[in-house]
S.K.: 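Handing you this structure, nothing more for now.
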Amino acid sequence: MSGVVRIAGQGLAGTLLARALERAGREFEVYDPGHEASASRVGAGLVSPVTGERWTLAPGWAERAAAAKAFYREIETAWDVALVTELRVRRVWRNEAEAGLVHAKVGRGELAPWVTPSGLEADAAWIEGAWRVDLPALIMAGRARWREQGRLHEAALHPEKVQVGNGPGWGPVIWCTGAAETRVPALRAVGGETLELAVGGAAGDWPEGVVRHDGVWVLPVGGGRAWAGASFIREEGERLTRREALRASVRRQLADCKWRELAVLAGRRMTAADRVPVSGWLAGHEGREGVLNGLGSKGALSGPGLAEGWSKLLHPR
Ligand SMILES: Cc1cc2nc3c(=O)[nH]c(=O)nc-3n(C[C@H](O)[C@H](O)[C@H](O)COP(=O)(O)OP(=O)(O)OC[C@H]3O[C@@H](n4cnc5c(N)ncnc54)[C@H](O)[C@@H]3O)c2cc1C
């Protein structure tokens, strides 16, 4: 597969793919008009070994987490940008039933080594081994780098402009266009919101590196700021909009801190019905046009391995 690979979209998916190709010495160019519509601009990049309402091990954690983190760490060194923060998550249970569930799982060793008996408190459990990738920092660093190298087109690429097989020098096009993708029926867009908060001051002694979580996570992102978002929301007995429920949880969890809301950051991420990312050739365009999309709510974990897979496939023989 020769010719210059064109990557349409430079959110998380496009950035990881471009970096994998760059490392492999493959020629590529990137197209993206800007990140106004990018989920990666507002995605929290939180990666935790224990997730979901039922405190389960994150799917693919054992196979992917270490390699994914190493992928980001390599970029940190190569580009001189800080991306990864190691985190501990203090997750509060909401009722006796949930407390019982966690105690039972911990008792059976199901969540070890991430949640262990020594991490149990009266109303919460500590989840060890989580981390965060600073997605906005990653995509902005990639953008600056590829602009400087003359590989970035600050414009959209449209399917009708694609000349794979016709235009000289055109290798395959890989569509990493997030919510703009319309040719993959399995994908649907899910809206999400992150609250940006200013946290701290005399009343708020909140150690960096600790996430508060009760279904809504509150994540310190440095510089006296935190982001809050929902893995799932339960406001028992109340009928609140999602944003109101998010705010109610933040008020509860930050009752011991000084904080104020700075902004609501909204984005749309793509997800497939089976929650498995879509990574492969477009039907009818095999060898010419591919897709990397549907990274879903765990894009930071699944993205690096998928980008590596594409990079191997695209390597000229
Ligand atoms: C509120 C929220 C919270 C989240 N929290 C987490 C989290 O904690 N952990 C986690 O792992 N994931 C999280 N996610 C998910 C994660 O952000 C996404 O999986 C990931 O950002 C998706 O990246 P992407 O590159 O597929 O899409 P995007 O980031 O949306 O990128 C698509 C890019 O394509 C560009 N584009 C579109 N059309 C064209 C075209 N024709 N030509 C060129 N470029 C084009 C757009 O400008 C955009 O920059 C969250 C998402 C949201 C919305």
Side-chain angles (χ1 to χ4, degrees), residues 6-19 29-48 51 58-61 64-65 68-69 72 84-85 87 89 130-136 138-140 142-143 152-162 173-184 187 189-196 211 213 216-219 221 227-233 242-243 246 263-272 275 277-279 289 291-304 306-307:
R6 267 135 174 114
I7 301 171
Q10 193 247 318
L12 174 63
T15 302
L16 295 174
L17 175 54
R19 177 58 189 161
E29 293 179 10
V30 179
Y31 293 73
D32 197 313
H35 291 125
E36 285 73 22
S38 172
S40 310
R41 196 180 42 93
V42 300
L46 180 59
V47 180
S48 173
T51 63
W61 182 268
R64 295 194 207 119
K69 197 199 279 184
Y72 297 112
V84 180
T85 309
L87 296 167
V89 180
W131 40 278
R132 171 187 185 242
V133 191
D134 188 336
L135 298 183
L138 172 67
I139 62 176
M140 294 319 291
R143 194 163 185 81
L152 174 72
H153 301 260
E154 299 195 49
L157 181 65
H158 295 294
E160 62 276 14
K161 300 276 186 216
V162 167
V173 175
I174 312 301
W175 299 95
C176 302
T177 46
E181 179 58 64
T182 55
R183 292 187 289 173
V184 182
L187 291 174
V190 180
E193 282 185 347
T194 304
L195 301 181
E196 185 170 34
V211 179
H213 194 329
V216 167
W217 39 259
V218 189
L219 169 71
V221 294
W227 280 10
S231 301
F232 50 88
I233 287 187
R242 203 171 161 82
R243 194 184 295 174
L246 196 55
V264 178
L265 310 172
R268 289 194 309 150
R269 59 178 170 76
M270 292 296 257
T271 194
R275 301 201 179 177
V278 174
S279 183
E289 294 183 53
V291 175
L292 177 52
N293 206 323
L295 298 186
S297 62
K298 298 194 167 47
L301 178 61
S302 60
L306 295 169

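Ligands are counted one by one from 1 in listed order, and the atoms in each one are counted from 1 as well.
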S.K.: For Ala180, which part has a heavy atom under 4.0 Å from ligand 1: side chain, backbone, both, or neither?
M.R.: side chain
S.K.: Should one rank Gly191, Ala8, Ala44 by closest heavy-atom distance to atom 5 (N) of ligand 1, which comes out on top?
M.R.: Ala44
S.K.: Decide whether the shortest distance between a heavy atom of Gly229 and an atom of ligand 1 is less than 4.0 Å.
M.R.: no
S.K.: Measure from the side-chain N and O atoms of Glu29 to the backbone N and O of Ile7, and report whether any donor-acceptor pair falls under 3.5 Å.
M.R.: no
S.K.: Contact between Thr194 and ligand 1, counting heavy atoms under 4.0 Å?
M.R.: yes
S.K.: Under 30°, 30 to 60°, or over 60°: which ring-plane class applies to Tyr31 and His153, parallel, tilted or perpendicular?
M.R.: parallel
S.K.: Heavy-atom contacts under 4.0 Å between Glu193 and ligand 1: side chain, backbone, both, or neither?
M.R.: backbone
S.K.: Nearest heavy atom to atom 18 (C) of ligand 1: which of Cys176, Ser40, Gly296 does it belong to?
M.R.: Gly296
S.K.: Looking only at heavy atoms of Gly294, does any of them come nearer than 4.0 Å to an atom of ligand 1?
M.R.: no
S.K.: Checking contacts here: is it the side chain or the backbone of Ala266 that comes within 4.0 Å of ligand 1, counting heavy atoms only? Could be both or neither.
M.R.: neither
S.K.: Show your working on salt bridge (charged side-chain N to carboxylate O under 4.0 Å, His left out) between Glu289 and Arg183 and close with a plain yes or no.
M.R.: CA-CA 11 Å; Glu289 294 183 53; Arg183 292 187 289 173; 3.0 Å; yes
S.K.: Pick, from Thr182, Leu195, Asp32, the option with the minimum heavy-atom distance to atom 49 (O) of ligand 1.
M.R.: Asp32
S.K.: Taking all non-hydrogen atoms of both residues into account, name the closest pair between Trp217 and Ala44 and its distance.
M.R.: CH2-CB, 3.3 Å
S.K.: Is there a donor-acceptor contact under 3.5 Å from the side chain of Asn293 to the main chain of Gly178?
M.R.: yes
